[in-house]
Amino acid sequence: MELTSMLQQYLVESRQIDALAVRQAEFICRSITGVQPAKELKIICLLVLSVLQKGSPRADRSALREPLDTETIQLHAATWAADNYRDPDWVAGLERASFQIGTLLENLFSNPSHYAPVTAAPPSGDSPWPVLVVDQNRIGFSSFWCSANKLEQEYLPQLLSDCTAPPPESNMKKALTHVFKQRSFLDNGKYFHFRQIAAAALACHNRFCILSGGPGTGKTSVVLQVLRTLLQVYPEISADRIVLCAPTGRAKARLGESIDNGLATLLRQNDGSDNEMDIRDNTLAALHRKTIHSLLGQRPDGSFKYNRDRKLPFQVVVVDESSMVPLNLFAALLDACTDNCRILLVGDMHQLPSVDAGAVLGDLTGSFSDVPGYPSLSMPVFTWIKEVIADITVDGNNDEKESMILLGADSENADCLTDHVIVLTHSYRSSKAILTLAEAVNNGDFSVAMKALRDPACQENIGFSSKAGIEPVIEWLNLRFQQETVMDAYSQVTRKYDASESTSELVDAARTLLHSSAVLTLTHDGERGRKAINQHAEQLLRKKLKTSENHRLFPGMPIILGVNHHDLDLYNGDLGIIIRTAAEGLKAIFPRGNAIQIVSLDRLRDFEPAFALTVHKAQGSEFDKVLFVLPEKKSPLLTRQIIYTAITRAKIKVHILGTEAILKKAIENREQRVGGIEIQG
């Protein structure tokens, strides 16, 4: 088989590129003449596109060569053979051709204009950009290169060097006392953690701030407190010029719901006074909620209504789930923000990065993510924060406070993001055993992770089993369908509902079924993939409910949306339950705060059963109990980020099903997206 065809077949069959990428490579090759150069260029394009599909916007030599490593080829070959019951045709040929492909790459790096006008070195001034930009050690598409350049050389340096004087201590103390003490929305006897209050202070100190933390650390609750503090400290900021945004509609809705719940609590606490500070708090009901794409006004051709020449009208922009924001979208957002706009990024730096290229949050927090205690503040800024918080009772001891300071070797490794990042460390949700396991995974420490999983004292909250096949999954599902609370909830959602009835019991039942437990997988296919597990779960539940439905849908079936429904305010990844109404037959319900949204099934597109979910789809969700099913063979998807994301979906218990060898491989494999943002400190 000819080399170009062999490489293309390998990358497609191993799912390192898709059919669209093949068409893109062919289109690019039409830009030059001659048969042989076009074949060589296609090889290069296919490799660049394969790295791009893994999320790296600008690939270096090692990233380009990684798909051709013998171990990588053999890994993909084993997966392909297992899924398709035949040996692939490309193994031996690609191993022999690796040296030839390496020579093509070295020739390109030594002469970036070899395939001009498609390839060239980074241009200077107003010179046109090539399709593929090549420097001494990296290659990437010009769109990503331009976005990275804007962020590295213009937008982020400007944000980080904006050294306006912090507000007077008296103003800060008055605002923080009101927000966190006099009018805190927490129950009596509960206090915000020192780091949570520090985040509000830092957001007033700097125009650009990052708030990171794991699940249950109170990130979304702190967002409301940050906004309240900004309104109290800066009279010129208006609530109707604040926008909450997120990369997905689902994330946008969750953050908005959290803000609404906090505001509702404040209103209930209001004693009827016309205090000016209370009035300012109440204006937050007017803030805007949008996805980043709708905020920027994305057009059908991919361009944006708001950009460098037409700025957004907002004074404060809050970006939730910022770990999921790709490089190009983040650059477009900063492109459209005014020079005095305040920007707050919120997200978990250890979670799975964006599906698209780039890992913005990971790049920006990289110098802090591996340091114990996550210190991120210089001594002067920490001292200022400690002073303005002095009058507020906080949750957390003095040792925890001091751990925020960059000292000694850590201060030497600090960069320009110092004093712009707060990492929340205290979880109010997950069990201690789950947090210990998550920390070991983040540290890449397999031995500590296994010690925790084997600890008898932790068995109530974490567990591990190496049983093979589908039977352990079926056992888990059977136990779920035997639980009294679960079956009581099913009895609620499977009876006929009249439109005049109260929906309070239906809301509670739906929440129980959607959030009490979940099966998470890495893959869609295979014996222990999402599709097979959903089929087994459906058969078990139909038998348990004694349903006579012949239709593929039945009352009690959980579903997950695969696309956005903007007209219904429902989004990709939203979870719902099928119910039967007395007058109109089957419908779907989706929990919304303390209410539900009832939708006709004929208005929904692209939804699937949701007994089992992939980890990517479950990102941002939480469940009481999680069964995490690892693949039975090594997979390129196995990384510590995906293990961390899976286990931290659980609040009470997570059970991992797989072999120690597979888990070890995953924990020790950290996904690295080369070619992201690099800011010189």
Side-chain angles (χ1 to χ4, degrees), residues 82 430-431 433-434 437 449-450 452-491 493-494 512-547 554 556-560 575 577 608-615 617-618 621-633 635 638 642-643 646-663 666:
S430 298
S431 70
I434 293 175
L437 178 61
M450 285 309 302
L453 287 168
R454 292 187 178 118
D455 187 347
C458 298
Q459 295 305 300
E460 185 178 347
N461 301 115
I462 58 177
F464 178 81
S465 172
S466 58
K467 292 181 181 178
I470 193 63
E471 286 305 317
V473 182
I474 294 176
E475 289 176 16
W476 169 280
L477 293 169
N478 270 321
L479 287 174
R480 169 178 168 78
F481 296 144
Q482 290 171 13
Q483 293 174 13
E484 185 176 348
T485 55
V486 171
M487 296 316 297
D488 286 346
Y490 275 118
S491 68
V493 300
T494 53
T512 295
L513 295 178
L514 292 175
H515 300 295
S516 60
S517 72
V519 180
L520 302 185
T521 72
L522 264 68
T523 61
H524 298 279
D525 302 314
E527 184 185 26
R528 299 209 300 193
R530 175 188 60 83
K531 295 176 184 177
I533 294 173
N534 274 326
Q535 289 176 354
H536 286 291
E538 180 180 335
Q539 292 169 4
L540 289 171
L541 183 59
R542 282 180 183 269
K543 184 176 180 181
K544 190 74 176 177
L545 296 178
K546 299 179 181 179
T547 179
F554 62 94
M557 172 184 276
I559 61 172
I560 184 169
L575 294 169
I577 293 278
E608 297 177 331
F611 300 100
L613 307 171
T614 63
V615 178
K617 277 288 189 181
S621 299
E622 59 181 48
F623 309 94
D624 291 339
K625 298 178 181 179
V626 165
L627 175 66
F628 178 34
V629 183
L630 290 169
E632 294 192 284
K633 295 182 181 294
S635 166
L638 286 166
I642 208 163
I643 302 297
I647 63 180
T648 55
R649 298 312 92 202
K651 294 165 60 177
I652 299 173
K653 180 165 186 177
V654 59
H655 189 88
I656 300 174
L657 182 62
T659 67
E660 289 189 30
I662 294 292
L663 183 59

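Every value quoted in this text rests on a predicted model; they were computed, and no experiment measured them.
- Between Ile474 and His536, the shortest heavy-atom distance links the atoms CD1-ND1, 3.8 Å.
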With side-chain contact (heavy atoms from CB on, under 4.5 Å) as the criterion, how do Asn534 and Glu608 come out once you've worked through the C-alpha distance, each side chain's angles and the decisive distance to 0.1 Å? CA-CA 9 Å; Asn534 274 326; Glu608 297 177 331; 5.9 Å; no
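- Here CG of Leu630 is found 10.0 Å from OG1 of Thr523. Values are rounded to the nearest 0.5 Å.
- The minimum heavy-atom distance between Phe623 and Ala618, with the atom names listed, is CE1-CB, 4.4 Å.
- Between Phe554 and Leu545 the shortest side-chain heavy-atom distance falls below 4.5 Å.
- A heavy-atom distance below 4.5 Å is not found between the side chains of Leu627 and Ser517.
- Within 6.0 Å of CD on Glu475 lie more than 12 heavy atoms contributed by other residues, nucleotides or ligands.
- Ring pair Phe611/Phe481 is perpendicular by interplanar angle, where above 60° counts as perpendicular and below 30° as parallel.
- Of the possible donor and acceptor atoms, one in the side chain of Gln459 sits under 3.5 Å from a partner among the backbone N and O of Leu453.
- With hydrogens and angles disregarded, no donor-acceptor distance shorter than 3.5 Å links the side chain of Asn461 to the backbone of Ser431.
- A distance of 5.0 Å separates CG of Leu522 from CZ of Phe628, quoted to the nearest 0.5 Å.
- Ala452 approaches Cys458 most closely through the heavy-atom pair O-CB, 3.7 Å.
- With contacts defined as side-chain heavy-atom distances shorter than 4.5 Å, the pair Leu575/Leu613 qualifies.
- Taking the charged nitrogens against the carboxylate oxygens, Asp624 and Lys653 have no contact shorter than 4.0 Å, which rules out a salt bridge.
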Can you check side-chain contact (heavy atoms from CB on, under 4.5 Å) on Met450 and Leu663, steps first, answer last? CA-CA 9 Å; Met450 285 309 302; Leu663 183 59; 3.9 Å; yes
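- For the pair Ile434 and Ala650, the tightest heavy-atom approach, listed with the atom from each and the gap, is CD1-O, 3.6 Å.
- Under the 4.5 Å side-chain criterion, counting only non-hydrogen atoms from C-beta, Thr485 is not in contact with Ser516.
- Going from atom CG of Leu514 over to atom CD1 of Ile577 covers 4.0 Å, rounded to the nearest 0.5 Å.
- Closest non-hydrogen pair, Ile560 versus Pro609, comes out as CG2-O, 4.2 Å.
- Checked for salt-bridge contact, Glu660 and Arg454 meet the test: a charged N lies under 4.0 Å from a carboxylate O.
- Note that CZ of Arg530 is 7.5 Å distant from OG1 of Thr521, once rounded to the nearest 0.5 Å.
- In this structure, His524 and Thr614 approach most closely via the heavy-atom pair CE1-CG2, 3.6 Å.
- The line from CE of Met487 to CG of Leu513 is 9.0 Å long, rounded to the nearest 0.5 Å.
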Intermediate values then yes/no, side-chain contact (heavy atoms from CB on, under 4.5 Å), Glu622 and Thr648: CA-CA 8 Å; Glu622 59 181 48; Thr648 55; over 6 Å; no
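- Applying the 6.0 Å contact sphere to CD of Gln482 captures more than 12 heavy atoms from other residues, nucleotides or ligands.
- Separation of atoms CZ (Phe464) and CG (Leu437) is listed at 11.0 Å; rounding is to 0.5 Å.
- A distance-only check finds a donor-acceptor pair linking the side chain of Arg528 to the backbone of Gly469 [under 3.5 Å].
- At most 12 heavy atoms of other shown residues, nucleotides or ligands fall within 6.0 angstrom of atom NZ in Lys625.
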Tell me, with the steps shown, if Ile470 and Ile533 meet side-chain contact (heavy atoms from CB on, under 4.5 Å). CA-CA 8 Å; Ile470 193 63; Ile533 294 173; 4.0 Å; yes
